[in-house]
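Remarks on the structure that follows.
Only heavy atoms go into these numbers, but all of them, side chains included; no hydrogens, no water, no symmetry mates. It should be emphasised that the depicted structure is a prediction, and the values quoted were computed from it without experimental measurement.
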Amino acid sequence: MSGQPQPPVDQLAAATLSDAVPKHEFSDRVPIRSILARPDGGSGLAGQRARIGGWVKTGRKQGSGSFAFLEVNDGSCPMNLQVIVDAAVADLGVLVPTGTCVGLEGVLKVPPEGTKQRIELRVEEVVHVGPVDPAKYPIPKTKLTLEFLRDVVHLRPKTNTISAVARIRNALAYATHTFFQEHGFLYIHTPIITTSDCEGAGEMFQVTTLISDAEKVEKELIKNPPPSEADIEAAKLLVKEKGEVVAQLKSAKASKADITESVAELTKAKENLSKLEERFKLKPGIPQKDGKLDYGQDFFTRQAFLTVSGQLQVETYACAVSSVYTFGPTFRAEHSHTSRHLAEFWMVEPEIAFADLKDDMNCAEAYVKFLCKWLLDHCLDDMDFMAKNFDKTCIDRLRMVASTPFERISYTEAVELLVEAVKGGKQFESKVEWGVDLASEHERYLTEVKFQKPVIVYNYPKGIKAFYMRVNDDSKTVAAMDVLVPKVGELIGGSQREERFEVIRDRILEMGLPLDPYEWYLDLRRYGTVKHCGFGLGFERMLLFATGIDNIRDVIPFPRYPGRADL
């Protein structure tokens, strides 16, 4: 290098300047994160010009109103940039209210010694103000409860907590795609509207146009009453008369022009009769057939629902291209008001061909570890915020899960451990016996008390699991597995799928489900059946586990639950 000519010092300085405060690629502003997230806290940028944009978290006038301090945040990180504005530059009264949107340009400077800030912006120009009336703004700088924020769901991203959750959620989504893409999985978009019930529980939202169509018909009939039988008879008579006229003209060998004109009148009379007969058939109310709703008149000519899982559909691709995953919204019409249930939530569902239950457990464990490590590597500032404000153990929990092998026990062993705990004086609200599903309290006992780490429970009784899970050789259990973690209990549910045609057909019938809606699913076993497995991770549950927040309604941008579907 020493033998090569070096660029002049002023060119080096220019290069440093241009690289020092990188602008957002599609905006003229500098993201606050690119200033404050540097190892030096931004102090190395002193002397640089920067234009920032964001929202005022706190603002206060100082020096008898001669200048103001603003704490500005743009959502790129949990930290605020301190800004100083002189009264000579702008009207400070408009800038200081919490929630005000500002675009500011100035010079970055190191603040006086003794202050916690490493860098601040001395404003030379105010390029934008989105004012707020502090008397009406519903998100003041006082501490607000998460319950209160659910009533202003459109404004809650402006708070430190919800914006931090949004960044953590974004990181987990990015990590999810990274993990599966790096391991050769194909991302498949499965349908949101489906005609089959994956879980067989029947708690599904129905998709129909019958009600809206019936309302349209009712309005139409009020506006334009249907024709009477006399109107229909009169129209039929007119068609008959016009037909006779055409016949007479043809037999009389009338001119082509006269016959054409008469045929046109006959055609018009027939069209009018057809319209009248169509309107005569219109009846108010939802169409019925044989005393039941006539779904043949519905949009899809059959019953349709919002999906509870993309699993069944994504299996069609696993049985053709081997390793796939789907990541999308799912829906349950369950009237539950617990802190763990939503009517609309997101699921990550991989499916692997030529793989068994052990492979399924290995994939699930690797995926959860990857998510935890990703947050530690890419989201530590937001995780620090969560540790300070919600759960001081959340970062330690991520580190433990990322670095500890998961315990693996059979369902039978799990029940034996729980029974031993009861004998030892442990009290559970839900009864512990072989054949019942494990309750959240049982799952948390195993992970938080007994093993103090994640636990994978496998080989559940077939009576409490779905029809598609592979029946084990004992005919009593299925090759199912649940990944249980501290804080939330069940995080993942999965299984090896039943690939034997006769067995899965009998299981569908055994559970009282109709075969017809699942014929396409049975075709996967009829034509080139393959051993395969998969699982589902509740994305919001992963967020509860990571953040330590207690209610699932606070880790999804727009919560839907009984009685609430805001926006």
Worksheet item: What's the verdict on side chain to side chain contact (heavy atoms under 4.5 Å, CB included) for E407 and I409, showing C-alpha distance, side-chain angles and the deciding distance?
Response: CA-CA 7 Å; E407 190 71 32; I409 58 172; 4.2 Å; yes

Worksheet item: Under the 6.0 Å and 45° cation-pi test, does K487 pair with F545?
Response: no

Discussion item. F69: which residues meet the side-chain contact (heavy atoms from CB on, under 4.5 Å) condition with it, sequence neighbours left out?
Written reply: R60, Q62, F67, Q82, I84

Discussion item. If the condition is salt bridge (charged side-chain N to carboxylate O under 4.0 Å, His left out), which residues does K57 pass it with, not counting sequence neighbours?
Written reply: none

Practice prompt. Please lay out, stage by stage, how L342 and I556 fare under the test side chain to side chain contact (heavy atoms under 4.5 Å, CB included).
Written response: CA-CA 9 Å; L342 288 167; I556 191 168; 3.8 Å; yes

Worksheet item: Would you say L306 and V207 make side-chain contact, with heavy atoms under 4.5 Å?
Response: yes

Discussion item. Please list all pairs meeting side chain to side chain donor-acceptor pair (under 3.5 Å) that have one or both residues in residues 128-148, counting only residues at least two apart or in different chains.
Written reply: none

Response to the item:
Across all chains, not counting sequence neighbours, the salt bridge (charged side-chain N to carboxylate O under 4.0 Å, His left out) partners of E124 are R49

Item to complete: Would you check if the distance from the ring center of H177 to the ring center of Y325 is below 6.0 Å?
Response: yes

Worksheet item: Once you round to the nearest 0.5 Å, how far does CD of E443 lie from CG of D437?
Response: 7.5 Å

Worksheet item: Can you tell me how far CD1 of I549 sits from OG of S339, rounded to the nearest 0.5 angstrom?
Response: 12.0 Å

Worksheet item: Looking at A546 and L375, what are the two nearest heavy atoms and their distance?
Response: CB-CD1, 3.6 Å

Discussion item. Are I492 and V348 packed together at the side-chain level, in the sense that at least one heavy-atom pair is separated by less than 4.5 angstrom?
Written reply: no

Response to the item:
Note: V110 and S43 closest approach over all heavy atoms is CG2-O, 4.0 Å

Fill in: Expected output: side-chain E105 to main-chain V127 donor-acceptor under 3.5 Å
no

Worksheet item: What heavy-atom pair brings T100 and V132 nearest, and what distance separates the two atoms?
Response: N-CG2, 3.7 Å

Fill in: Heavy-atom closest pair, residues S76 and I32
OG-N, 3.6 Å

Worksheet item: Are any of the side-chain heavy atoms of P454 and T447 separated by less than 4.5 Å?
Response: no

Worksheet item: Does K373 pair with D377 as a salt bridge, N-O distance under 4.0 Å?
Response: yes

Discussion item. Taking G103's backbone N and O only, do any of them form a donor-acceptor pair with R29's side chain (distance below 3.5 Å, no angle check)?
Written reply: no

Fill in: D391 side chain vs T547 backbone, donor-acceptor pair below 3.5 Å
no

Discussion item. Strictly distance-based, threshold 3.5 Å: is any side-chain N or O of T330 a donor or acceptor partner for the main-chain N or O of F345?
Written reply: yes

Worksheet item: So, W374 versus F179, ring centres under 6.0 angstrom or not?
Response: no

Item to complete: With rounding to the nearest 0.5 Å, note down the distance linking CG in L144 to CD1 in I139.
Response: 6.0 Å

Worksheet entry | The single option from Y187, F539, Y174, F185 passing ring-ring contact (aromatic ring centres under 6.0 Å, His included) against F327 | F539

Worksheet entry | Ring centres under 6.0 angstrom apart (F205, F305) | no

Worksheet item: Does any pair with a residue in residues 359-372 pass side chain to side chain donor-acceptor pair (under 3.5 Å), and if so which ones, sequence neighbours excluded?
Response: T176-Y367, N362-R408, E365-R408

Worksheet entry | side chain to side chain contact (heavy atoms under 4.5 Å, CB included) between M386 and V165, worked out | CA-CA 9 Å; M386 290 297 161; V165 168; 3.5 Å; yes

Worksheet item: Which distance, rounded to the nearest 0.5 Å, do you find between the NZ of K158 and the OG1 of T98?
Response: 11.5 Å

Item to complete: Applying side-chain contact (heavy atoms from CB on, under 4.5 Å), name anything that partners V324, two or more places apart in sequence or on another chain.
Response: L186, I188, V314, Y317, A318, V321, E351

Practice prompt. Find out whether V436 and I464 are in side-chain contact, i.e. whether some heavy atom of one side chain is under 4.5 Å from a heavy atom of the other.
Written response: no

Worksheet item: For H341, what residues pass the ring-ring contact (aromatic ring centres under 6.0 Å, His included) criterion, not counting sequence neighbours?
Response: none

Fill in: Any M542 side-chain heavy atom under 4.5 Å of L537 side chain
yes

Worksheet item: Between L544 and R397, which heavy-atom pair has the shortest distance, and what is it?
Response: O-NH2, 4.4 Å

Practice prompt. Determine, using ring centers only, whether Y445 and F428 are less than 6.0 Å apart.
Written response: yes

Worksheet item: Can you name the residues that form a salt bridge (charged side-chain N to carboxylate O under 4.0 Å, His left out) with R33, not counting sequence neighbours?
Response: D381

Worksheet item: For P557, what residues pass the side-chain contact (heavy atoms from CB on, under 4.5 Å) criterion, not counting sequence neighbours?
Response: R169

Discussion item. When you measure from the side chain of D86 to the backbone of A88, do you find a donor-acceptor pair of N or O atoms at a distance under 3.5 Å?
Written reply: no

Discussion item. Distance check, rounded to the nearest 0.5 Å: I119 atom CD1 versus L81 atom CG?
Written reply: 8.5 Å

Worksheet item: Rounded to the nearest 0.5 Å, how far does CG of L70 lie from OG1 of T58?
Response: 8.0 Å

Discussion item. Run the side-chain contact (heavy atoms from CB on, under 4.5 Å) test against S163 and tell me which residues pass, sequence neighbours left out.
Written reply: R167

Worksheet item: Where the side chain of Q496 meets the backbone of L357, is there a donor-acceptor pair that is under 3.5 Å apart?
Response: yes

Worksheet item: Which pairs pass salt bridge (Lys or Arg N to Asp or Glu O under 4.0 Å) with one or both residues in residues 551-567, sequence neighbours excluded?
Response: R150-D554, D151-R564, R156-D554, R564-D566

Worksheet item: With no hydrogens and no angle check, is any side-chain donor or acceptor of D396 less than 3.5 Å from a backbone partner on M400?
Response: no

Response to the item:
Here the salt bridge (Lys or Arg N to Asp or Glu O under 4.0 Å) pairs for residues 334-343, sequence neighbours left out, are none

Worksheet item: Going by distance alone, is a donor N or O of one side chain under 3.5 Å from an acceptor N or O of the other, for E315 and Q311?
Response: yes

Worksheet item: Side chain of H442, backbone of S430: donor and acceptor closer than 3.5 Å?
Response: yes

Worksheet item: Just checking, any donor-acceptor pair under 3.5 angstrom between side chains of Y460 and D482?
Response: yes

Worksheet item: Can you check whether G310's main-chain N or O pairs, donor with acceptor, with E349's side chain at less than 3.5 Å?
Response: yes

Worksheet item: Are V457 and S410 side-chain neighbours, meaning at least one heavy-atom pair lies under 4.5 Å?
Response: no

Practice prompt. Mind running side chain to side chain contact (heavy atoms under 4.5 Å, CB included) on V422 and Q427 for me, showing each step along the way?
Written response: CA-CA 6 Å; V422 172; Q427 292 185 329; over 6 Å; no

Worksheet item: Between D356 and K358, is there a side-chain N and carboxylate O pair less than 4.0 Å apart?
Response: no

Practice prompt. For K453 and P405, indicate whether the former's side chain and the latter's backbone hold a donor-acceptor pair under 3.5 Å.
Written response: yes

Worksheet item: Which atoms form the tightest heavy-atom contact between M481 and A364, and what is the distance?
Response: CE-CB, 3.8 Å

